[in-house]
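Here's the structure, in structure tokens; my notes come after.
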Amino acid sequence: MVAPPASAQRFAVVVGREARYDVHVRAGALGEVGRLHRDGFPEAKPFVLADADVVRLHGDALAASFAAAGLAPEVVPIPAGETSKSLPQLERLIGELARRGADRRAVLHCFGGGMTSDLGGFVASAYMRGVRYANVPTSLIGQLDASVGGKVAVNTGDAKNLIGAFHHPSLVVCDPGLLKTLPHRDFRSGIAEAIKVAIIAGPALFEFLRAQREALVGRDATALAQLVFEAARLKMELVGADPYESDLRRALNFGHTIGHALESEHAYRGLRHGEAVAVGMALATEIAARRRLLAARDADAIFALLAAYDLAGLIEEFPAERIAERLRTIRLIRGGRLHFVLPAALGQVAYADDVEAADLAAAFRGVRERETGKRNHVPTAG
């Protein structure tokens with residue numbers, strides 16, 4: 001037996017947090033999910049956490065993919081809509097997995113849009129202290145944004161994604177062919193996230209969105225595959241530099257700071273996530289233009305691209321004081337500082353921590369004037 005030390009000592013604990021996973025982007029990839037599971041997780045039983053609406057549309061195709069690989073997954077439905085990203089649903093799904101015999105080797109396949117990836121990934125992070133999961137996103141916002149990066153969470157009445165974790169998937173399979181059944185509002189929500197990435201990190205992607213509008217709006221699978229691949233790749237380049245958000249100055253928060261507050265204000269009903277982000281981007285762009293941080297031609301290009309994809313004029317009123325109060329909650333979450341992301345050029349951002357209710361109200365008025373054609377100049381700062 002080893003004798004205890006005569007006095008208190010110290011030892012270091014080092015825990016690796018590296019994650020590696022493949023992201024497959026191609027038309028028809030849904031048919032390969034079963035084989036990818038069999039080859040990647042041969043000992044694991046598959047469980048499918050699925051948006052109920054998606055099951056009706058594409059459930060048979062996913063089941064056929066698993067059957068071709070000799071697998072029969074357990075399917076656990078999730079009610080459609082952002083309101084399912086909640087603690088009651090988290091508890092229900094964990095209980096359902098336990099009742100169906102999911103063990104620590106199980107792999108959860110999150111089959112649906114961004115809500116399903118966020119909620120299902122959080123279920124995977126919590127169930128039995130963490131099990132593996134795969135994302136099979138069926139919405140544009142899911143494919144190019146929510147399915148990669150490992151940020152998983154549920155909402156509360158106080159704030160969006162207030163309770164969550166960093167838990168990366170083990171596999172992501174994106175089939176742009178599935179986007180043909182996506183409703184218009186959900187499609188434009190995904191485009192908003194692509195525009196966000198293009199503004200902060202991808203001038204070439206910005207030009208692709210301008211040049212390929214007809215193909216993208218027409219749901220051309222080849223154009224959509226290019227969009228998903230490049231937007232997700234650029235996002236992960238940004239995430240890779242700081243995967244666990246130790247630095248709270250994050251370009252990826254562009255449009256999201258106001259967007260999340262708007263979603264909370266609307267109680268996660270009536271305003272899609274990407275629509276809220278589009279409003280946030282417009283306001284941030286207007287603030288940047290007013291402060292002379294952003295050239296007028298770049299501001300005009302951003303507003304023109306938002307309008308081209310039906311992402312202008314999404315809200316009639318903007319409750320600036322209430323949004324500012326919600327931003328104060330976000331400021332507390334972020335250590336007392338709210339690093340508001342403003343575009344400085346296509347591919348460049350700046351940060352401000354002095355955006356107040358009056359700035360937001362003035363920016364909303366300016367955006368509305370742009371949209372109604374009542375403004376042809378940018379006011380002088382101050």
Side-chain angles (χ1 to χ4, degrees), residues 45-59 62 73-104 106-139 141-143 145-170 172 182-183 185-186 189-190 256 259-276 326 329 333:
K45 180 176 177 59
F47 288 78
V48 176
L49 305 182
D51 179 305
D53 288 349
V54 170
V55 170
R56 287 191 287 273
L57 289 169
H58 305 295
L62 182 64
E74 293 272 351
V75 179
V76 182
I78 303 171
E82 185 73 11
T83 54
S84 283
K85 274 181 59 176
S86 66
L87 286 172
Q89 281 296 329
L90 173 72
E91 184 177 15
R92 182 187 73 82
L93 291 171
I94 287 174
E96 191 68 28
L97 289 171
R99 283 188 291 274
R100 296 184 184 221
D103 60 22
R104 294 202 66 181
V107 174
L108 313 184
H109 291 261
C110 303
F111 188 45
M115 175 277 290
T116 308
S117 297
D118 286 355
L119 174 60
F122 193 31
V123 169
S125 76
Y127 187 68
M128 293 189 175
R129 297 192 179 95
V131 297
R132 293 169 297 181
Y133 73 106
N135 281 327
V136 187
T138 60
S139 71
I141 202 168
Q143 292 188 4
D145 181 64
S147 64
V148 295
K151 290 175 67 174
V152 296
V154 295
N155 304 327
T156 71
D158 294 315
K160 184 179 175 71
N161 297 332
L162 186 60
I163 302 172
F166 292 100
H167 188 52
H168 288 274
S170 297
V172 178
L182 199 63
R185 289 185 64 190
D186 293 320
S189 290
H256 281 238
H260 284 179
L262 271 172
E263 287 184 272
S264 299
E265 182 68 20
H266 284 77
Y268 313 111
R269 292 181 172 89
L271 191 66
R272 303 289 201 277
H273 172 66
E275 293 171 343
R326 290 188 180 276
T329 300
I333 294 169

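- The side-chain heavy atoms of I163 and L87, taken from C-beta on, include a pair separated by under 4.5 Å.
- Checked by atom type and distance alone, the side chain of N135 never pairs as donor or acceptor with a backbone atom of P137 at under 3.5 Å.
- The structure places OG of S139 at 9.5 Å from CG of D145, a figure rounded to the nearest 0.5 Å.
- Counting all heavy atoms, side chain and backbone alike, S189 lies closest to I141 at O-CD1, 3.9 Å.
- The CG atom of D51 lies 5.0 Å from the CG atom of D53; values are rounded to the nearest 0.5 Å.
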List the steps and the verdict of side chain to side chain contact (heavy atoms under 4.5 Å, CB included) for V154 and L119.
CA-CA 6 Å; V154 295; L119 174 60; 3.8 Å; yes
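- Within the model, atoms CD of E265 and NE2 of H260 stand 15.0 Å from one another, a figure rounded to the nearest 0.5 Å.
- Contact detail for T83 and Y268: the closest heavy-atom pair is CG2-O, 4.1 Å.
- The only member of R269, K160, R272, H266 that meets side-chain hydrogen bond (donor to acceptor under 3.5 Å, both in side chains) when paired with E82 is K160.
- Inter-residue side-chain proximity for V152 and Y133 is flagged as met; some heavy-atom pair is nearer than 4.5 Å.
- With N155 contributing its side chain and S86 its backbone, the two residues share no donor-acceptor pair below 3.5 Å.
- Of all heavy-atom pairs between R92 and P77, the closest is NH2-O, 2.8 Å.
- The distance from atom NE2 of H273 to atom CG of N161, rounded to the nearest 0.5 Å, is 8.0 Å.
- Judged purely by atom type and a 3.5 angstrom limit, T116 has no side-chain atom pairing as donor or acceptor with the backbone of A50.
- In this pair, H58 and F111 present their aromatic rings perpendicular. The plane angle is above 60°, beyond the 30 to 60° band.
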Would you please test F47 and R100 for side chain to side chain contact (heavy atoms under 4.5 Å, CB included) and show each step?
CA-CA 9 Å; F47 288 78; R100 296 184 184 221; 4.0 Å; yes
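- A heavy-atom distance below 4.5 Å is found between the side chains of L108 and L97.
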Apply side chain to side chain contact (heavy atoms under 4.5 Å, CB included) to the pair E263 and H256, showing each step before the final yes or no.
CA-CA 10 Å; E263 287 184 272; H256 281 238; over 6 Å; no
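- Of all heavy-atom pairs between C110 and G121, the closest is SG-N, 3.9 Å.
- Pairing each heavy atom of Y127 with each of D103, the nearest pair is CE2-O, 4.4 Å.
- Between A106 and V131, the shortest heavy-atom distance links the atoms O-CB, 3.9 Å.
- Residues Q89 and P79 meet the side-chain proximity criterion, which asks for heavy atoms closer than 4.5 Å.
- Note: D186 CG to E275 CD = 8.0 Å, rounded to the nearest 0.5 Å.
- The distance from atom CD of E96 to atom CD of E91, rounded to the nearest 0.5 Å, is 12.5 Å.
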